[in-house]
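In what follows, a single structure is set out as structure tokens and then discussed.
We number each residue from 1, following the sequence as shown.
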Amino acid sequence: MSCSSVLYKNLWLADGTGAPLRKCAVLTEGAEVRAIEPAITASAADRTLDLGGRILAPGFIDVHGHSDLSILARPEGFGKISQGVVSEIAGNCGLSAFPVTRFNRAHLNELYRQYGIEIDWDDYSGWRAALARRGVKLKMHALCGHNTLRAAIAGYEQAGLSGPELDEMARLLDRMLEQGAPGLSTGLLYVPGKFADSDEIVFLMKRLAARGALYATHLRSEGSELLESLSETVECARRADLNRLQISHFKTAGRANWSKLDAALALLEAARQDGIELSVDRYPYTESMTQLSVILPGEWGDLDDETIERRLADPAEQQALETALDESRSSEYWRTVRLVGTAASGFSGCEGKTLDRLAAQFRVTAPALAVKLLSADAAGTTAGFRGMSEENLRRILALPWCMAGSDENARPLDYSIGRSHPRAFGSLPRFLKLRFEDGASIESAVRQVTGLPADTFRLAGQGYIAAGRPADFAVFDPEELDGTDDFANPHTPASGLLLTVIDGEAVYRP
């Protein structure tokens, strides 16, 4: 629904600045806010909406998304707009839909095969043109992913890069930034980003610093080497004179590492005191999700998904990997790994179950089950991993420089393009709910998902409600707001979210 002018009345306004809530009326005309006053007569608008004393906030910004291709497959972006999200930062964890060359095109098309979208563009501008052709309303931005960038120059198997290759990578990064990418992301847990040393990261950071762009990182380790990984990142930023730094899905993974949070926060606070504009994002769940292939030990962990599937076509390689997994993972470990989604045949209805339960169901060992899944669909099989602290989660969310990120794709209500972690439908509302439970004011919590992200990522015109700004709104009831945590039914819309508006158009109502 859209109309030339709309009057929103009987509301409490959280304008994104963190200023106290105020009772007022908001008048929009077309795609913009025209006026905010204590009272506006209904005759001033073509249509009036009485919000019944609910909160009118700027549309939420998901600062850590992965909707690069899913939003092209299903442009409505239901899983995001049903959370009140109007804008997403994609291209995270080192993976973006650009730049694309002969060295990485086939791999990217294989990785994203479930979406049925042919990557026929080369760069950021081409990706944005694809968004426009498909009528995407969600306001999409994307970091340039280091894994994609590196593979565009040298493929997925090469460890060290030559001087000319580094120079070519820097030139390609410059081009993506010139076209509008807000920065660079790394995924130092994944191939080929894991091959990059600190000198390579500093080399690219210097290009970001020269342009005032942002660096976001999925650390090399979020568990046993968390402090070392954070130290490496901060030291690289100092060496490069880079002052815009974002730590992706900041966490202490694994019970043995929960006690490291104080030291980690001290390290980050010291960097902020030194003048680095440092921030973090976090999804409000204690189970993570990524590709199942991250569990692979030894040399297997250095392989890209295409190579994994190709090698596992050989029964001898299957047996070798099964043995390696059996030797490297305890029986207890498989109780903490949950199947989220796969295209492997025979696993319909198994989503949400832990691998130890599935192994018993199929009468095989857990390592054998993992090998079967990876043999059939290494690129698409995803798993959830238990091992985070609820207390630490809430402490991280309470940081005034923490923002909400779903770490997920925009999904439809059905499972036609894959199955998600519950965070794909629940992250932003659940983030706010936990903040409210812990005593945060509505206005300060709203700032963490609106004005703060807009400032951090330099999103002009977004994150705030004021006259002359875009009419991007989320309307919610703070008493009812929540997001699902059900892995069996993850595509469940959030509760308490009543309306999402993008550029004056109501794009979601429950």
Side-chain angles (χ1 to χ4, degrees), residues 66 68-70 90-115 117-119 122 143-162 165-166 168-169 172 184-197 200-201 204 217-221 248 289-314 316-318 320-322 324-325 328 340-344 370-383 385 407 409 418:
H66 288 282
D68 311 60
L69 267 289
S70 68
N92 282 289
C93 300
L95 178 62
S96 58
F98 57 87
V100 186
T101 69
R102 63 187 178 88
F103 294 110
N104 64 355
R105 190 179 300 276
H107 176 93
L108 290 171
N109 275 313
E110 173 66 15
L111 180 66
Y112 290 122
R113 64 190 175 193
Q114 72 196 84
Y115 302 127
I117 300 295
E118 180 72 19
I119 297 177
D122 301 326
L143 300 162
C144 179
H146 170 246
N147 289 351
T148 307
L149 175 68
R150 200 179 199 272
I153 301 301
Y156 290 87
E157 298 178 3
Q158 187 171 327
L161 299 183
S162 67
E165 286 171 328
L166 287 169
E168 182 58 27
M169 187 162 57
L172 202 49
L184 176 74
S185 76
T186 52
L188 300 177
L189 180 66
Y190 305 109
V191 174
K194 66 188 302 181
F195 302 140
D197 59 18
E200 180 178 326
I201 300 303
L204 295 174
T217 184
H218 178 144
L219 298 165
R220 292 190 195 275
S221 171
S248 298
M289 189 194 85
T290 189
Q291 289 168 290
L292 180 62
S293 57
V294 300
I295 71 172
L296 297 184
E299 64 162 338
W300 288 92
D302 291 338
L303 303 178
D304 65 87
D305 293 322
E306 282 185 284
T307 304
I308 292 169
E309 286 187 19
R310 187 167 59 249
R311 283 185 57 172
L312 290 178
D314 180 350
E317 294 277 24
Q318 292 181 24
L321 178 56
E322 184 179 335
L325 284 170
S328 62
V340 174
T342 185
V371 170
K372 180 177 175 63
L373 288 164
L374 293 168
S375 299
D377 185 26
T381 298
T382 53
F385 298 86
D407 198 12
N409 304 314

Practice prompt. With rounding to the nearest 0.5 Å, note down the distance linking CG in Asp305 to CG in Leu292.
Written response: 10.0 Å
Practice prompt. Please check if the side chain of Gln291 supplies one atom and the backbone of Ala379 the other of a donor-acceptor pair under 3.5 Å.
Written response: yes
Practice prompt. Report the distance from atom CD1 of Ile117 to atom CG of Asp68, rounding to the nearest 0.5 Å.
Written response: 12.5 Å
Worksheet item: Under the 3.5 angstrom rule, does the side chain of Asp377 hit a backbone N or O of Ala343 as a donor-acceptor pair?
Response: yes
Discussion item. Within this structure, what is the CG-CD distance for the pair Leu166 and Glu200, rounded to the nearest 0.5 Å?
Written reply: 5.5 Å
Fill in: Gap between atom CG of Leu189 and atom CZ of Arg220 - 0.5 Å precision
10.0 Å
Discussion item. Rounded at 0.5 Å granularity, tell me how far CG in Leu143 sits from OG1 in Thr186.
Written reply: 10.0 Å
Discussion item. If I compare all heavy atoms of Ala378 with all of Ser293, which pair ends up nearest, and what's the gap?
Written reply: O-OG, 4.4 Å
Worksheet item: Asn104 side chain to Pro99 main-chain N or O, any donor-acceptor pair under 3.5 Å?
Response: yes
Worksheet, complete the sentence: Closest non-hydrogen atoms of Pro297 and Leu321, given as atom of the first, atom of the second and distance, are CD-CD1, 4.2 Å
Item to complete: Could you tell me whether the side chain of Leu296 reaches within less than 4.5 Å of the side chain of Leu374, counting heavy atoms only?
Response: yes
Response to the item:
Correct closest heavy-atom pair for Ala97 and Val100 would be O-CG2, 3.4 Å
Item to complete: Quick one: do Tyr190 and Thr290 satisfy side chain to side chain donor-acceptor pair (under 3.5 Å)? Show the steps, please.
Response: CA-CA 11 Å; Tyr190 305 109; Thr290 189; 2.8 Å; yes
Discussion item. Between Asn92 and His66, is there a side-chain heavy-atom distance shorter than 4.5 Å?
Written reply: yes
Discussion item. Taking the basic N atoms (NZ, or NE/NH1/NH2) and the acidic carboxylate oxygens, is any pair closer than 4.0 Å for Arg310 and Glu110?
Written reply: no
Worksheet item: Side chains of Leu325 and Ile295: closer than 4.5 Å at any heavy-atom pair?
Response: yes
Item to complete: Begin with the C-alpha distance, continue with both residues' side-chain angles, and end with the deciding distance and a verdict on side-chain contact (heavy atoms from CB on, under 4.5 Å) for Ile153 and Leu161.
Response: CA-CA 9 Å; Ile153 301 301; Leu161 299 183; 5.7 Å; no
Discussion item. Check whether Arg105 reaches the backbone of Ile119 with its side chain - one donor and one acceptor, N or O, closer than 3.5 Å.
Written reply: yes
Worksheet item: Is there a side-chain contact (heavy atoms from CB on, under 4.5 Å) between Leu108 and Leu95 once you walk through the steps?
Response: CA-CA 9 Å; Leu108 290 171; Leu95 178 62; 4.1 Å; yes
Worksheet item: For Glu165, what residues pass the side-chain hydrogen bond (donor to acceptor under 3.5 Å, both in side chains) criterion, not counting sequence neighbours?
Response: Gln158, Ser162
Discussion item. Measuring only between side-chain heavy atoms, which start at C-beta, is Cys93 closer than 4.5 Å to Asp407?
Written reply: yes
Practice prompt. Drop me the distance from Ser221's OG to Leu188's CG, to the nearest 0.5 angstrom.
Written response: 11.0 Å
Item to complete: Any chance you could lay out the side-chain contact (heavy atoms from CB on, under 4.5 Å) test for Asp302 and Phe195, step after step, and finish with the verdict?
Response: CA-CA 9 Å; Asp302 291 338; Phe195 302 140; 4.1 Å; yes
Discussion item. Using every non-hydrogen atom in the two residues, find where Met169 and Arg150 come nearest and quote the distance to one decimal.
Written reply: SD-CA, 3.6 Å
Item to complete: Check each of Leu149, Thr148, Asn147, Leu184 against Ser96 using the side-chain contact (heavy atoms from CB on, under 4.5 Å) test, and report the only one that passes.
Response: Thr148
Discussion item. Run the side-chain contact (heavy atoms from CB on, under 4.5 Å) test on Glu306 and Tyr156 for me, step by step, so that the C-alpha distance in whole Å, both residues' side-chain angles and the decisive distance to 0.1 Å come before the verdict.
Written reply: CA-CA 10 Å; Glu306 282 185 284; Tyr156 290 87; 5.9 Å; no
Practice prompt. Answer whether the closest heavy-atom distance between the side chains of Leu219 and Ser248 falls below 4.5 Å.
Written response: no
Worksheet item: Of all residues at least two apart in sequence or in a different chain, which pass the side-chain hydrogen bond (donor to acceptor under 3.5 Å, both in side chains) check with Thr381?
Response: Thr342
Worksheet entry | Glu317 side chain vs Arg311 backbone, donor-acceptor pair below 3.5 Å | no
